[in-house]
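Here is the structure we will look at, set down as structure tokens.
Given the structure is predicted, the values throughout are model-derived calculations rather than measurements. Every number for a ligand or one of its atoms is a count from 1 in the order of the listing. Numbers here are sequence positions counted from 1.
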Amino acid sequence: MKFIYTNVLLFSFLFVFSLSHIRASNSAIDNFLQCLPSRPNPSHPISNVIYTPTNASFLSVLQSYIRDSRFNTSTTPKPLAIITALDVSHVQATVICAKTSGVEIRIRSGGHDFEGLSYTSNVPFVILDMFNLRSIDVDIPSETASIQAGATLGELYYKISQKSKIHAFPAGVCFTLGAGGHFSGGGYGNLIRQYGLSVDNIIDAQVVDANGRLLNRKSMGEDLFWAIRGGGGASFGVILSWKIKLVRVPEIVTVFNVQKTLDQGATDVVMQWQQVASTIDKKLFIRAQPQTIQQGGSKTVQVTFIGLYLGRASALVPLMNKSFPRLGLQAQDCTEMPWIRTTLFWNGNPIGTPLEVLLDRTPSPSNSYGKHKSDYVKTPIPRAGLEAIWKKMIQVQSNNILLMQWNPYGGRMSEIPENATAFPHRAGNLFKMQYLTLWQDGSVDAINKNIQATRDLYATFTPYVSKNPRETYLNYRDIDIGTNTNGNLGFAQDFFKNNVKRLLEVKAKVDPSNFFRYEQSIPVFPKKQSS
Ligand SMILES: Cc1cc2nc3c(=O)[nH]c(=O)nc-3n(C[C@H](O)[C@H](O)[C@H](O)COP(=O)(O)OP(=O)(O)OC[C@H]3O[C@@H](n4cnc5c(N)ncnc54)[C@H](O)[C@@H]3O)c2cc1C
Ligand SMILES: *[C@@H]1O[C@H](CO)[C@@H](O)[C@H](O)[C@H]1NC(C)=O
Ligand SMILES: *[C@@H]1O[C@H](CO)[C@@H](O)[C@H](O)[C@H]1NC(C)=O
Ligand SMILES: *[C@@H]1O[C@H](CO)[C@@H](O)[C@H](O)[C@H]1NC(C)=O
Ligand SMILES: *[C@@H]1O[C@H](CO)[C@@H](O)[C@H](O)[C@H]1NC(C)=O
């Protein structure tokens, strides 16, 4: 009897306790929603862009920029509201009202965050969705462009190509990445060795700060402008738009894609690739992409070498013969095309695909589960190391796509000091690696198994990659390296190395109340007593 009674009591207590919890968060969101129209903008009424779970299209708006099925389940924590800003006044209202009502926001542009941190969280939150803010203005006479946060890379590449055959912008390979997240985390692609990262070619930005003010480079100051170039936008403010410097490319450039399995001597080729890929002519970028494949009845590793050369094939073939003969690149492996067509080639589209594919905002395939990690390599991995890695790739692959992308550095990347922007991974790196595990089975078992497989492969690399810190690319978001709980900074050291100190100073200055926060944001520490 007594046992039952205390249980009932405990249960009622918990019930009332959790109800009051729900009520508390309800009232914060109610205050937020009531606050929004208090800053009226007659030409852009904010009620047209507020979605709560009672709006019929709430789920489809949420899902339209979810890019990983792991965060697309019925149990994934959902936002209390989504504000699909159409105007800067909507961004300012969202920031001011969220701050005064104590609601956390998550900012989403392209939605490609590998851990879904732009649209899910374990705390109550609302999404500030930027996909409607996507204008792009390319100005060839000044060789610049303005691009809003919700624009995709495909839209940018397309717009540039409509105005010039000899201009480009150094940024990612995947067309559907958003300029908001991608640029603020660094942004690299196959122009990295010649022109550096996206952040190395940004000359101004518009940001809404924690007080709802709209700032540009001059009014925000060089500290904040430094931090949002590589430090991630979402620790500091809402990026509305970027002003970028376009780069020049020849009218005709050359690409190739050559594959070698282990039987065909892939290990020898990778040994030589490690020596040359970061030191060869900076007009040449050669990605090595090892992948576990089926061969006959068993598994092996195949390495794909994908190249972009900012010149003609007639110059590339002798260059490769001299510096990288083990690949055996022949003229017939090379295809010449305008730069814009290389963006489709690198994305895996067949030659001849219409350029308008660049404007498609939905990636294909649109639904896949994934786990990603990254590492930096500073000394060549010895042959025995490569052999151990191939063995592990074969061992942990099952019912999934298991591949790695090894992207050479050097060239322009070694010329830019580590502290020039918040992105710290510069000279001294041979290449950066991405681990990609992609699968289709949504069962808890399959998810756990695939995440574990990725972690096991990562563990195999420990002897061969950077240490103290084990450097990690911010845009290859990886929650395994830690969060900011209790002011923990381990993850920040991996992402930002020696730039952590300045990032903490900028954060304390521009957002002392820590309004712009999420699981891996730069924290604010209580002010130290000055002695
Ligand atoms: C298929 C695929 C291919 C990729 N290829 C490359 C590649 O070639 N090169 C490369 O460098 N990276 C690549 N990435 C990683 C990519 O750069 C990051 O995922 C990047 O953060 C995506 O930006 P987003 O705006 O699309 O993502 P989101 O998920 O919208 O945002 C990512 C982060 O930025 C924050 N954020 C977004 N918008 C804003 C804003 N307006 N203001 C402030 N903060 C904001 C978010 O809150 C979140 O923390 C790839 C990712 C995928 C899924
Ligand atoms: C969502 O529903 C509310 C209440 O009916 C309405 O005011 C608002 O305009 C709706 N949002 C959109 C984007 O239609
Ligand atoms: C998310 O779910 C919706 C509805 O089932 C689906 O249309 C969409 O393709 C899914 N997206 C991803 C990335 O899984
Ligand atoms: C490289 O050049 C040498 C000398 O001209 C030639 O014999 C050889 O066939 C070339 N190799 C390739 C792969 O073209
Ligand atoms: C980077 O560090 C160097 C050497 O410590 C210093 O001279 C320079 O001013 C720093 N640059 C920036 C942008 O902080």
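For atom 36 (N) of ligand 1, the closest non-hydrogen atom of the protein is Ile107 O, 3.8 Å. In terms of protein heavy-atom proximity, atom 27 (O) of ligand 1 is nearest to His112 N, 3.1 Å. From the protein, the heavy atom lying nearest to atom 43 (C) of ligand 1 is Gly237 O, 3.4 Å. If you check which protein heavy atom lies closest to atom 20 (C) of ligand 1, you get Asn475 OD1, 3.5 Å. From the protein, the heavy atom lying nearest to atom 9 (N) of ligand 1 is Tyr188 O, 2.8 Å.
In this comparison of Leu128, Leu177, Ile127, the heavy atom closest to atom 13 (C) of ligand 1 sits on Leu177. Looking at Asn321, Val317, Leu329, it is Asn321 that brings a heavy atom closest to atom 2 (O) of ligand 4. Considering each of Asn48, Ile82, Ile83, the one bringing a non-hydrogen atom nearest atom 13 (C) of ligand 2 is Asn48.
Contact annotation for Arg477 and ligand 1: only side-chain heavy atoms (C-beta onward) come within less than 4.0 Å of the ligand.
Distance check on atom 4 (C) of ligand 2: every protein heavy atom falls at or beyond the 4.0 Å cut-off. Remark: atom 11 (N) of ligand 2 lies closer than 4.0 Å to at least one protein heavy atom.
Near Ile50, meaning under 4.0 Å from one of its heavy atoms, ligand 2 places the atoms 1 (C), 10 (C), 11 (N), 12 (C), 13 (C). Short contacts between ligand 4 and Gln330, defined as distances under 4.0 Å to a heavy atom of the residue, involve ligand atoms 12 (C), 13 (C), 14 (O). Close approach to Ser47 involves these atoms of ligand 2, each under 4.0 Å from a residue heavy atom: 8 (C), 9 (O), 11 (N).
For ligand 2, the polar-atom distance check against Asn55 finds a nitrogen or oxygen pair separated by under 3.5 Å.
A salt bridge (charged side-chain N to carboxylate O under 4.0 Å, His left out) with Glu115 is found for one member of Arg477, Lys371, Arg106, Arg67 and no other, namely Lys371.
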